[in-house]
Amino acid sequence: MSASKGWKLKQDSETKLIVWFADGNVRTLYSIDWNYKFSQTKKREIGLARFYKKIEDYGAKVKVAEIYEMSSKRRIAKFISGVEVAINQQENQ
């Protein structure tokens, strides 16, 4: 990130959330891992907390939601109908 341009979602996000809605729509969201656009630091935990809140807000509208690491493309969380389920680490490979 350059100081004058700020953070960019797709380029600087640590994680992404893919949501499959009950009505058939699919949406991809990128984490906002910083407090404000020109923040000097970013924290993965901030972005993940925002994703968990977003999934809670969507509630029953969500059929399936998955969170992936951007760098490794590894799935780190899965939700079915808004409830987090355990994922088999073997599936990610």
Side-chain angles (χ1 to χ4, degrees):
M1 173 200 70
S2 78
S4 63
K5 294 188 180 184
W7 299 103
K8 305 292 184 211
L9 274 180
K10 287 184 181 181
Q11 174 182 313
D12 297 319
S13 296
E14 298 283 329
T15 56
K16 71 178 178 180
L17 169 67
I18 303 175
V19 181
W20 290 268
F21 290 96
D23 66 2
N25 289 322
V26 179
R27 186 169 183 195
T28 301
L29 305 164
Y30 294 89
S31 62
I32 301 173
D33 303 312
W34 45 88
N35 289 325
Y36 57 95
K37 186 172 183 167
F38 298 103
S39 177
Q40 294 298 310
T41 60
K42 64 179 179 176
K43 294 182 183 177
R44 179 179 170 172
E45 297 78 27
I46 293 172
L48 287 174
R50 289 176 174 160
F51 278 163
Y52 277 79
K53 175 73 171 128
K54 181 63 80 176
I55 292 167
E56 183 181 317
D57 290 346
Y58 285 149
K61 296 177 188 174
V62 174
K63 185 176 180 182
V64 176
E66 297 178 342
I67 300 174
Y68 290 88
E69 282 183 344
M70 294 289 287
S71 60
S72 68
K73 311 272 191 265
R74 184 176 63 96
R75 183 174 58 190
I76 57 175
K78 182 175 182 174
F79 301 82
I80 298 176
S81 300
V83 178
E84 188 169 7
V85 296
I87 55 173
N88 182 354
Q89 293 302 320
Q90 295 290 338
E91 272 182 357
N92 294 329
Q93 299 175 359

Q: Within the structure provided, determine whether Asp12 and Tyr30 are in side-chain contact (heavy-atom separation under 4.5 Å).
A: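 Side chain of Asp12 against side chain of Tyr30, heavy atoms only: no contact under 4.5 Å found.
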
Q: Taking C-beta and beyond as the side chain, do Lys54 and Leu29 meet within less than 4.5 Å on heavy atoms?
A: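 Side chain of Lys54 against side chain of Leu29, heavy atoms only: contact under 4.5 Å found.
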
Q: Going by salt bridge (Lys or Arg N to Asp or Glu O under 4.0 Å), name the pairs with one or both residues in residues 38-49, residues two or more places apart or in two chains.
A: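 The answer is Glu14-Lys42, Arg44-Glu69.
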
Q: Identify each donor-acceptor pair in which a side-chain atom of residues 60-67 lies under 3.5 Å from a protein atom, sequence neighbours left out, and give them as a table.
A:
from  : atom 1 : to    : atom 2 : distance (Å)
Glu66 : OE1    : Tyr68 : OH     : 2.4
Glu66 : OE2    : Arg75 : NH1    : 2.8

Q: To the nearest 0.5 Å, tell me how far Leu17 CG sits from Leu48 CG.
A: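 It comes to 10.0 Å.
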
Q: Provide the closest heavy-atom pair for Ser39 versus Trp7 in the form atom of the first, atom of the second, distance.
A: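 Minimum heavy-atom contact is O-NE1, 2.9 Å.
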
Q: Which residues pass the side-chain contact (heavy atoms from CB on, under 4.5 Å) test with Val85, sequence neighbours left out?
A: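 Once residues adjacent in sequence are excluded, the partners of Val85 under the side-chain contact (heavy atoms from CB on, under 4.5 Å) criterion are Lys78, Ile80.
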
Q: With Ser13, which residues qualify under side chain to side chain donor-acceptor pair (under 3.5 Å), at least two apart?
A: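 With sequence neighbours excluded, Ser13 shows a side chain to side chain donor-acceptor pair (under 3.5 Å) to no residue whatsoever.
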
Q: How close do Phe51 and Thr15 get, counting heavy atoms only, and between which atoms?
A: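 In terms of heavy atoms, the two residues are closest at CE1-OG1, 3.4 Å.
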
Q: Which residues satisfy the salt bridge (charged side-chain N to carboxylate O under 4.0 Å, His left out) test with Arg27, sequence neighbours excluded?
A: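 Not a single residue meets the salt bridge (charged side-chain N to carboxylate O under 4.0 Å, His left out) criterion with Arg27.
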
Q: Do side-chain atoms of Ser31 reach the backbone of Asp33 as a donor and acceptor pair under 3.5 angstrom?
A: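 Looks like no, no N/O pair under 3.5 Å.
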
Q: Can you name the ring pair (Phe, Tyr, Trp, His ring centres under 6.0 Å) partners of Phe79, sequence neighbours left out?
A: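 So Phe79 forms a ring pair (Phe, Tyr, Trp, His ring centres under 6.0 Å) with Tyr52.
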
Q: The criterion is salt bridge (charged side-chain N to carboxylate O under 4.0 Å, His left out); which residues satisfy it with Lys53, sequence neighbours excluded?
A: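 In terms of salt bridge (charged side-chain N to carboxylate O under 4.0 Å, His left out), with neighbours along the sequence ignored, Lys53 is linked to Asp57.
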
Q: Look at the side-chain heavy atoms of Ile, Leu, Val, Met, Phe, Trp and Tyr, link any pair under 4.5 Å apart, and say whether Ile46 and Ile32 land in one connected group.
A: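 Different hydrophobic clusters.
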
Q: Please round to the nearest 0.5 Å and tell me the distance separating atom OG1 of Thr28 and atom NZ of Lys10.
A: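 Output value for this atom pair is 8.5 Å.
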
Q: I'd like to know if the side chain of Asn25 reaches the main chain of Phe21, judged simply by a donor and an acceptor atom lying under 3.5 Å from each other, with no hydrogens or angles considered.
A: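 No, because the side chain of Asn25 does not come within donor-acceptor range (under 3.5 Å) of the backbone of Phe21.
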
